[in-house]
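Remarks on the structure that follows.
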Amino acid sequence: MIYFKVLVLNLIIVLLLPVILLQALWVRKKTAVLPEPDGERVLTSADSKLLLTNNVLVIGDSAAAGVGATTQMGALTGLLYSNLVKHGPTRVTLNAKTGFKSEDVLKLLHEMPAEYFSSVLVSIGVNDVTKFVPLKRWRQNIDAISTLLSDKFGCETILFTALPPIHCFPALPQPLRALLGYRAWLLNQALADSVTARANADILYVSALNVSGTMTDIQQSGLMAEDGFHPSTKGYEIWAHSALEKLSTLYSTTMGTTKKVTAETDVTATK
């Protein structure tokens, strides 16, 4: 059924191709290009030589890299670290780059040396939408990423952040906004199908970031950066909070060690 929807969408895209191309060029010209924030990409507590309670990998695209925040400490990686370090020896590693698609993350994981991570937070998909990566290829990449994270890096919890509601982004004109939004919805459906087949993986839906309305409404919400596409530091705070709560649930249901369950439950309790 989902592939029939893809077929219909592709037919619409072909029919509207001249309009879509013009709108895409207009958006590229008008949208502010924000840099990845400065700051350390491997955050380690002073007692990290002890057995790590939390050893987290953040991997993916520009949102994972913190675009929209002014420093890494105000982005996803830094906010996760700031919370987790209160509860034991912690290391949070960021490996992300603006423009990365799912196949780029997969290639990166192949190139990285084998290392143990207790959990990983993945942010990919928007560039797969805008670069029109086929749905079948997207699903294959997600499956391969999950397998590598489990087998090569020993990840006990894998958390994929769902694609944002692109159909609500007023910075995108219609019909481009609707078409990209529908593609994002299809990719989210395929992501859900892949993730639910694995006991150690789940999807993070950050409902508080589902902002909509005019560009003024989005700017006034304080949740989005000036480009209208990436989270602000306030948005990253909500994302990190949601990720910590989700990870605590995954830890308690998939891990057998009381120490890790207690540590993550404490993180949730302090919020």
Side-chain angles (χ1 to χ4, degrees), residues 41-45 48 50-61 63-66 69 72-96 105 109 115-125 142 145-164 188 191-192 194-209 231 233 235-271:
R41 293 198 169 209
V42 180
L43 300 171
T44 307
S45 57
S48 62
L50 303 175
L51 179 63
L52 288 172
T53 302
N54 305 289
N55 188 15
V56 180
L57 172 65
V58 179
I59 193 167
D61 52 21
Q72 285 297 341
M73 292 309 296
L76 185 62
T77 299
L79 292 166
L80 289 173
Y81 174 79
S82 296
N83 279 274
L84 292 172
V85 74
K86 301 173 185 177
H87 305 279
T90 297
R91 181 174 63 186
V92 180
T93 302
L94 172 63
N95 209 331
V105 171
L109 289 172
E115 180 182 359
Y116 168 74
F117 293 102
S118 58
S119 57
V120 59
L121 181 58
V122 185
S123 172
I124 49 174
I142 294 299
I145 288 170
S146 297
T147 298
L148 263 181
L149 288 171
S150 297
D151 296 347
K152 181 178 179 180
F153 299 95
C155 295
E156 295 161 322
T157 55
I158 303 170
L159 189 57
F160 287 91
T161 303
L163 277 74
N188 267 337
L191 176 62
S194 174
V195 168
T196 53
R198 295 177 177 271
N200 66 334
D202 206 344
I203 301 179
L204 175 65
Y205 296 95
V206 188
S207 58
L209 294 182
T233 293
Y236 280 118
E237 289 173 353
I238 294 174
W239 187 0
H241 177 90
S242 300
L244 289 166
E245 289 188 327
K246 192 72 170 181
L247 285 172
S248 70
T249 301
L250 289 175
Y251 270 125
S252 62
T253 56
T254 62
M255 291 188 177
T257 60
T258 303
K259 181 177 180 180
K260 289 182 179 178
V261 173
T262 302
E264 291 302 319
T265 301
D266 288 344
V267 171
T268 304
T270 60
K271 299 188 184 308

Closest heavy-atom pair and its distance - [X], [Y]:
| X | Y | answer |
| --- | --- | --- |
| Phe153 | Leu109 | CZ-O, 3.6 Å |
| Tyr236 | Gly66 | OH-C, 3.2 Å |
| Ser45 | Val85 | CB-CG2, 3.5 Å |
| Ala96 | Arg41 | O-NH1, 3.0 Å |
| Val206 | Ser242 | CG1-OG, 4.0 Å |
| Thr90 | Leu84 | OG1-O, 3.2 Å |

Check your understanding: Hey, which of Val56, Val92, Val58 is the one that makes side chain to side chain contact (heavy atoms under 4.5 Å, CB included) with Ser119?
Key ->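 Among Val56, Val92, Val58, the one meeting side chain to side chain contact (heavy atoms under 4.5 Å, CB included) with Ser119 is Val56.
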Practice item. Run through Val120, Thr93, Ile124 and flag the one making a side chain to side chain contact (heavy atoms under 4.5 Å, CB included) with Ile59. Key: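 Going through Val120, Thr93, Ile124 one by one, the side chain to side chain contact (heavy atoms under 4.5 Å, CB included) with Ile59 is satisfied by Val120 alone.
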To the nearest 0.5 Å, how far apart are [atom1] in [X] and [atom2] in [Y]?
| X | Y | atom1 | atom2 | result |
| --- | --- | --- | --- | --- |
| Leu121 | Cys155 | CG | SG | 11.0 Å |
| Asn200 | Leu149 | CG | CG | 9.0 Å |
| Leu159 | Leu204 | CG | CG | 5.0 Å |
| Thr77 | Leu57 | OG1 | CG | 9.0 Å |
| Thr196 | Ile203 | OG1 | CD1 | 7.5 Å |
| Leu94 | Leu43 | CG | CG | 8.5 Å |

Practice item. Indicate yes or no: at least one non-hydrogen side-chain atom of Lys246 is less than 4.5 angstrom from one of Tyr205. Key: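 Answer no - side chains too far apart.
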Review point. Does a side-chain heavy-atom distance below 4.5 Å link Ser194 with Phe160?
Key: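 Not touching, per the 4.5 Å side-chain cut-off.
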Check your understanding: Can you check whether Asn55's main-chain N or O pairs, donor with acceptor, with Ser118's side chain at less than 3.5 Å?
Key ->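 At least one qualifying donor-acceptor pair exists.
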Review point. Okay, side chain of Ser248, backbone of Glu245: is any donor-acceptor separation there less than 3.5 Å?
Key: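 The answer is yes, because a donor-acceptor pair under 3.5 Å joins these two groups.
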**Study point:** Distance-only polar pair, side chains of His241 and Glu237, donor-acceptor under 3.5 Å
**Key:**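 Glu237 and His241 do not have a side-chain donor-acceptor pair below 3.5 Å.
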